[in-house]
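Have a look at the structure below, then the notes.
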Amino acid sequence: QVGAQPVVLLLKQSYDLLMTGDDATEARRCAQAALDVCWERLNTGYWRDVPLVWRSLYSFSGLAKCLSYVVSCEWREAMTWVDMSLLMGAPLPHDVLTRLASALALHLQVQY
């Protein structure tokens with residue numbers, strides 16, 4: 001898909017930062033930059049005409065942003081981004097977004 005490569009690179013950078021534990025804030029910044037590009041693609045024209053790749057990239061970007069909040073123990077913000085990914089993105093393998101949303105909801109229920 002034309003224009004997807006920069007988003008993929010931002011996602012790689014975000015996930016690399018999350019996996020090494022280096023900088024959740026920078027990982028979040030990269031994920032947000034990817035989300036911004038995907039958001040523009042999702043909101044041009046009719047929803048049914050949006051290529052699946054942009055919905056999938058939105059889901060992976062939202063997941064990265066969610067995880068950046070999880071590693072910072074910012075649970076409500078994490079839940080916001082997993083919800084947005086479920087609403088606006090495409091399903092991810094192994095139902096990871098739904099499973100993460102369930103785990104976060106349980107954690108928030110116990111915590112508050």
Side-chain angles (χ1 to χ4, degrees):
Q1 182 69 33
V2 175
Q5 188 63 29
V7 174
V8 172
L9 294 173
L10 284 166
L11 282 174
K12 181 182 180 331
Q13 185 176 0
S14 182
Y15 281 106
D16 286 348
L17 288 164
L18 288 168
M19 294 301 294
T20 59
D22 284 342
D23 190 352
T25 302
E26 182 64 14
R28 188 175 305 137
R29 188 194 64 73
C30 292
Q32 184 60 55
L35 281 163
D36 290 343
V37 174
C38 293
W39 184 259
E40 291 300 318
R41 295 296 183 126
L42 293 178
N43 288 288
T44 53
Y46 295 105
W47 180 251
R48 70 176 179 267
D49 297 332
V50 175
L52 183 59
V53 67
W54 291 108
R55 295 181 198 167
S56 297
L57 286 171
Y58 187 90
S59 291
F60 281 111
S61 301
L63 177 60
K65 189 162 182 182
C66 171
L67 294 175
S68 76
Y69 282 118
V70 168
V71 299
S72 301
C73 299
E74 297 177 62
W75 310 111
R76 289 181 186 205
E77 290 82 0
M79 181 59 98
T80 297
W81 283 101
V82 78
D83 281 346
M84 285 296 294
S85 298
L86 283 164
L87 289 170
M88 298 299 294
L92 295 182
H94 308 290
D95 208 20
V96 69
L97 293 172
T98 303
R99 293 170 60 197
L100 181 56
S102 296
L104 286 169
L106 182 61
H107 181 78
L108 285 167
Q109 202 173 37
V110 170
Q111 188 177 19
Y112 298 102

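The residues of the chain are indexed from 1 along the displayed sequence.
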**Asked** salt bridge (Lys or Arg N to Asp or Glu O under 4.0 Å): which pairs involve residues 7-24, sequence neighbours left out?
**Response** Lys12-Asp16
**Request:** Check salt bridge (charged side-chain N to carboxylate O under 4.0 Å, His left out) between Glu26 and all other residues, then give those that pass, not counting sequence neighbours.
**Result:** Arg29
**Asked** To the nearest 0.5 Å, how far apart are CH2 in Trp75 and NE2 in His107?
**Response** 4.5 Å
**Message:** Would a single hydrophobic cluster contain both Leu52 and Leu87, if residues Ile, Leu, Val, Met, Phe, Trp and Tyr are joined by side-chain heavy-atom contacts under 4.5 Å?
**Reply:** no
**Distance-minimising heavy-atom pair for Leu100 and Cys66** = CD2-SG, 3.5 Å
**Request:** Please name all residues satisfying salt bridge (charged side-chain N to carboxylate O under 4.0 Å, His left out) with Glu74, sequence neighbours left out, ordered by chain then number.
**Result:** Arg28
**Item:** For the student: nearest non-hydrogen atoms of Val71 and Ser68, plus distance
**Value:** CG2-O, 3.3 Å
**Item:** Heavy-atom side-chain proximity of Val37 to Pro6 below 4.5 angstrom
**Value:** no
**Asked** How about Trp54 and Glu40: do any of their side-chain heavy atoms sit closer than 4.5 Å?
**Response** no
**Message:** Does any part of the side chain of Arg76, heavy atoms only, come nearer than 4.5 Å to the side chain of Leu108, both counted from C-beta?
**Reply:** yes
**Request:** Verify, without hydrogens or angle tests, whether Ser56 (side chain) and Ala90 (backbone) share a donor-acceptor contact under 3.5 angstrom.
**Result:** no
**Request:** Check side-chain hydrogen bond (donor to acceptor under 3.5 Å, both in side chains) between Gln13 and all other residues, then give those that pass, not counting sequence neighbours.
**Result:** none
**Complete:** Here the gap from Arg55 atom CZ to Leu57 atom CG, rounded to the nearest 0.5 Å, amounts to 12.5 Å
**Asked** Could you give the distance from OG (Ser14) to CE (Met19), rounded to the nearest 0.5 Å?
**Response** 11.5 Å
**Asked** If you round to the nearest 0.5 Å, how far is CZ of Phe60 from CG of Leu92?
**Response** 4.5 Å
**Asked** How would you list all residue pairs meeting side-chain hydrogen bond (donor to acceptor under 3.5 Å, both in side chains) that involve residues 78-96, not counting sequence neighbours?
**Response** Asp95-Thr98
**Request:** Answer yes if Leu17 and Val8 sit in the same cluster of Ile, Leu, Val, Met, Phe, Trp and Tyr residues linked by side chain heavy atoms under 4.5 Å apart, and no otherwise.
**Result:** no
**Prompt:** Atom CG in Leu63, atom OH in Tyr15: separation rounded to 0.5 Å?
**Reply:** 3.5 Å
**Asked** Any side-chain heavy atom of Tyr58 sitting closer than 4.5 Å to one from Met84?
**Response** yes
**Item:** With Ala34 via side chain to side chain contact (heavy atoms under 4.5 Å, CB included) - residues at least two apart
**Value:** Val7, Leu10, Leu11, Ser61
**Request:** Identify the two heavy atoms, one from Leu97 and one from Leu86, that lie closest to each other, and give their separation to 0.1 Å.
**Result:** CB-CD2, 3.5 Å
**Request:** Provide the closest heavy-atom pair for Ala78 versus Val70 in the form atom of the first, atom of the second, distance.
**Result:** CB-CG2, 3.7 Å
**Message:** Can you give me the closest heavy-atom contact between Gln32 and Asp36, atom names plus distance?
**Reply:** NE2-OD1, 2.7 Å
**Prompt:** About how many Å separate NZ of Lys65 and CG of Leu67, when rounded to the nearest 0.5 Å?
**Reply:** 12.5 Å
